[in-house]
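To keep things clear, I will list the structure first and then write my remarks on it.
Since we're looking at a predicted model, the values are computed, not measured. Just so it is clear, the values below take in all heavy atoms, side chains as well, and ignore hydrogens, waters and symmetry mates.
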Amino acid sequence: MQSIFGTDGIRGKFNEEITYSLAYKVGYALASSLENKSPIIIGRDTRISGDILLQAITQGINESGKKFINLGICPTPAIPFLIKQENLSSGIMISASHNPPEYNGIKIFDQNGQKITKYFENKIQKLIEESNHNISVPRKVLPINTNKDLIDIYIKSLIQTMGGESLSGLKIILDTCYGSAATCAKKIFQSLGADVSVINNSKNGLKINMNCGSTNLAPLKKALREIPADMGFSFDGDADRVIGIDSKGNVLDGDHILFLWGRELMEQKILTNNLLISTQMANLGFEKAWKKIGGILYRTDVGDKHVYNAIKEKGAVLGGEQSGHILSKINNFSGDGILTALQITKYCKKKKINLNDWLKSSFVPFPQKLTNINFDFNFNKLNPETRILIEQTIEFFQTKYSDNCRVYIRPSGTEPVIRVLVEAKNHKKVHSLSSEITNKLFLEINKIIKLTMH
């Protein structure tokens, strides 16, 4: 049986892969496999399907005899934080992160506030497969009481990470992406004294991640041209990642955040072995510049779970992904876009430097092109023989083209696409190689599908 868990929990289109019945079974399976008697905390992003999935999950939890706390719409990192803070047994976030509105997902956290292990995923999957409850969608979605006090505890914890540093005198624009950050980002920055403007700031599940947020920086760049500000931050749908933009429109992605923040920690002598953890997507320019100042960059597979495992294994204090998903020791290595944005502003304020000048002191990235090849099938659902052939083809392409540039190819864990990353010193070479590889790979994979599926 194929795993229902991808790179970050269970994810798919609502009513196709993510159904009421599946959500009910997840709630039931999780609740019945926990020994800890404390409640399970649940949050969600703004997606329209969030309400009905919440009802399904809580129905499953109730029927297993366990209790839950509903946090309502909140940033994903509020869940792991509150699990630890309130000694809860586990947590669920209903979100499809940066995916479009028609997707949704279920992220599960253990009692330590960490994403659950492969072992635990398999245990839950087995319980789901053995379950013969097929629940139909109720006619009416009933309101479930929300606990408003807990979200304030999370907000206070973020403000405390500033160590009393005020943001007065700073003008900041936030793109909250019609998602989770719309609940509290503006309030947090304002309470620290910043002059804040917000865009895409309604809790609108029909627009979440649509042409805005950390995967589309155009609206934030436009806002920065229209309302001069010191910097801007763009979050994704569930606010666990962030991308910054300086006053001149230059992008501060996860690689730059790791480089600049890492360098500060290195100077303070608190960066274990001068080590940063990132993924195969990290820019080669970042790696070379980091080595040049005496640092070590360790790469993992894509996904914050892999970054987290490497951080733990190597005793690192900072890691993350180019996409702006940053894990730091401050909050027990849970990716938090608002926390990351606060740390960037804190350093600018402390160093009395504007983000534009600070970013100039970072590395010069190698030209990089990331292309998505779209397919009309889900990789997780292919038979093993087909998957092996596709993996071998990917391996062949990576080896063939990796002479004096870097080629990294991987099927997405959440969408029916293959991502092709090409990186070299020369712009032209990156573009020509990228189109050559994507065209050939598309034809090869379709050939495999035709041969093995018919």
Side-chain angles (χ1 to χ4, degrees), residues 38-47 50-51 54 57-58 61 67-95 107 109 111-114 143-168 170 172 174-198 200-205 208 233 235-242 326 328-346:
S38 312
I40 298 170
I41 188 166
I42 309 173
R44 66 181 187 90
D45 66 20
T46 58
R47 285 161 215 273
D51 252 349
L54 174 70
I57 290 168
T58 53
I61 294 172
K67 299 240 181 305
F68 68 86
I69 297 166
N70 174 27
L71 199 55
I73 296 171
C74 65
T76 288
I79 298 290
F81 172 78
L82 289 165
I83 290 173
K84 291 278 283 183
Q85 182 73 22
E86 304 293 310
N87 291 322
L88 301 170
S89 62
S90 125
I92 290 176
M93 180 68 182
I94 304 165
S95 171
K107 301 182 184 188
F109 297 87
Q111 62 184 39
N112 300 313
Q114 296 308 334
I144 295 168
N145 286 337
T146 347
N147 184 315
K148 297 273 196 294
D149 300 339
L150 287 178
I151 198 80
D152 290 337
I153 296 176
Y154 164 71
I155 290 171
K156 279 196 188 105
S157 80
L158 286 175
I159 292 168
Q160 278 162 357
T161 67
M162 295 297 282
E165 194 69 53
S166 144
L167 298 181
S168 64
L170 280 184
I172 298 168
L174 305 174
D175 177 354
T176 59
C177 188
Y178 300 109
S180 292
T183 56
C184 60
K186 181 184 182 184
K187 180 176 165 181
I188 291 168
F189 278 88
Q190 277 181 334
S191 72
L192 286 157
D195 175 0
V196 186
S197 297
V198 282
N200 309 324
N201 195 44
S202 60
K203 299 194 276 275
N204 187 337
I208 187 171
F233 293 102
F235 303 96
D236 70 334
D238 66 335
D240 61 359
R241 7 166 132 180
V242 69
I326 307 295
S328 84
K329 199 179 176 179
I330 296 176
N331 68 345
N332 195 28
F333 306 106
S334 154
D336 190 330
I338 299 173
L339 174 76
T340 301
L342 288 172
Q343 297 312 301
I344 295 300
T345 52
K346 179 167 98 172

ask   = What's the verdict on side-chain contact (heavy atoms from CB on, under 4.5 Å) for L158 and Y154, showing C-alpha distance, side-chain angles and the deciding distance?
value = CA-CA 7 Å; L158 286 175; Y154 164 71; 3.5 Å; yes
key: Pair L339-T161, side-chain contact (heavy atoms from CB on, under 4.5 Å): steps then yes or no   = CA-CA 8 Å; L339 174 76; T161 67; 3.5 Å; yes
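L150 contributes atom CG, which lies 6.0 Å from atom CG of L71 (distance to the nearest 0.5 angstrom). In this structure, CD1 on I172 lies 5.5 Å from CG on L167, to the nearest 0.5 angstrom. Once rounded to the nearest 0.5 Å, the distance linking OG of S197 with CG of D175 reads 12.5 Å. Interatomic distance, CD1 of I73 versus CG of D45, reported as 8.0 Å (0.5 Å rounding). Atom CD1 in I41 sits 11.5 Å away from atom CZ in F68 (nearest 0.5 Å). Rounding to the nearest 0.5 Å places CD1 of I159 at 8.5 Å from CG of L342.
The minimum heavy-atom distance linking I69 with N147 is given by the pair CG2-CB, 3.8 Å. Summarising the geometry of K67 relative to I61, their closest heavy-atom pair is O-CG2, 4.0 Å, with the distance given to 0.1 Å.
Exactly one residue among T46, N201, D236 makes a side chain to side chain donor-acceptor pair (under 3.5 Å) with T176. That residue is N201.
When side chains are defined from C-beta on, F233 counts as touching I344, because their heavy atoms get closer than 4.5 Å. In this structure the side chain of I57 never reaches within 4.5 angstrom of the side chain of I40, judged on heavy atoms. R44 is not listed as a side-chain neighbour of I42, based on a closest heavy-atom distance of 4.5 Å or more. A heavy-atom distance below 4.5 Å is not found between the side chains of I326 and Q343. Within the 4.5 Å cutoff, side-chain heavy atoms of Q114 are placed close to those of N332. A heavy-atom distance below 4.5 Å is not found between the side chains of L192 and T345.
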Tabulate below the donor-acceptor pairs under 3.5 Å that side-chain atoms of residues 177-191 make, not counting sequence neighbours, or state none.
unit_1, atom_1, unit_2, atom_2, d
Y178, OH, N200, OD1, 3.1
S180, OG, C74, O, 2.8
S180, OG, G237, O, 3.4
T183, OG1, S180, O, 2.6
S191, OG, K187, O, 3.4
S191, OG, I188, O, 2.8

Donor-acceptor pairs under 3.5 Å, side chain of residues 75-93 to any protein atom, not counting sequence neighbours: which ones?
unit_1, atom_1, unit_2, atom_2, d
T76, OG1, D238, OD2, 2.6
S89, OG, S38, O, 2.8
S89, OG, P39, O, 3.1
S90, OG, F109, O, 3.4

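Within 6.0 Å of CG in N145 there are 12 or fewer heavy atoms belonging to other residues, nucleotides or ligands.
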